[in-house]
Amino acid sequence: MDLKISKWGNSQGIRIPLPILEQMGINSPDGESVSISVNNDGVATLKRAVKFNEYANLFKGFDYKAYTGKTSLGNRENRLGDPVGKEKI
């Protein structure tokens with residue numbers, strides 16, 4: 001697909017058609033970030049920028065039940081042994 005470069009303020013810009021954004025996984029593009037890189041041959045690559053605040057993705061595949069196990073309080077910390085020092089339980 002050929003896109004036209006247009007003046008946008010003091011910069012230049014291109015409009016990315018919605019079907020291309022949807023293929024990139026960007027369904028509501030307003031406010032989304034993308035990263036662009038250019039190799040030595042002048043080929044530009046556009047990628048969806050990863051948001052560090054997408055907490056659901058950070059815990060994708062995390063098994064809470066396997067983590068907590070079957071302790072009396074359902075807390076992994078309980079499997080670490082008896083208190084050492086002045087801990088209060």
Side-chain angles (χ1 to χ4, degrees):
M1 173 180 291
D2 292 334
L3 301 174
K4 189 174 186 176
I5 299 173
S6 302
K7 186 161 179 59
W8 189 354
N10 291 332
S11 302
Q12 303 295 316
I14 59 170
R15 289 184 170 200
I16 305 169
L18 189 58
I20 291 175
L21 293 173
E22 288 172 344
Q23 283 182 318
M24 294 173 63
I26 301 174
N27 296 315
S28 46
D30 190 35
E32 284 283 342
S33 295
V34 295
S35 64
I36 188 167
S37 60
V38 181
N39 69 14
N40 291 337
D41 296 326
V43 177
T45 303
L46 186 69
K47 294 182 181 179
R48 180 180 183 200
V50 177
K51 290 184 179 180
F52 290 103
N53 62 350
E54 292 179 350
Y55 297 112
N57 289 335
L58 295 175
F59 291 97
K60 189 179 284 187
F62 178 73
D63 187 350
Y64 179 76
K65 290 183 180 180
Y67 175 75
T68 57
K70 295 183 179 181
T71 62
S72 60
L73 297 176
N75 186 333
R76 184 175 177 86
E77 187 174 338
N78 292 333
R79 292 191 257 161
L80 298 177
D82 294 329
V84 177
K86 298 181 181 180
E87 292 95 344
K88 293 183 179 182
I89 297 182

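These numbers come from the heavy atoms of this one structure, side chains and all, not from hydrogens, waters or symmetry mates.
When side chains are defined from C-beta on, Ile16 does not count as touching Ile26, because their heavy atoms never get closer than 4.5 Å. The closest side-chain heavy-atom distance from Met24 to Val34 is below 4.5 Å.
Taken to the nearest 0.5 Å, the CZ atom of Arg48 stands 10.0 Å off from the OG atom of Ser33. Here the straight-line distance linking atom CG of Leu46 with atom OG of Ser37 works out to 9.0 Å at 0.5 Å rounding.
Annotation: Lys4, atom NZ; neighbour count of heavy atoms from other residues, nucleotides and ligands within 6.0 Å does not exceed 12. The environment of Ile5 atom CD1 is sparse: at most 12 non-hydrogen atoms of other residues, nucleotides or ligands sit within 6.0 angstrom.
Not one N or O on the side chain of Lys47 forms a donor-acceptor pair closer than 3.5 Å with the backbone of Ala49. In this structure, Asp41 contributes its side chain and Val43 its backbone to no donor-acceptor pair below 3.5 Å.
Under a hydrophobic-cluster definition in which Ile, Leu, Val, Met, Phe, Trp and Tyr are linked whenever side-chain heavy atoms come within less than 4.5 Å, directly or via other members, Ile14 and Val38 are assigned to different clusters.
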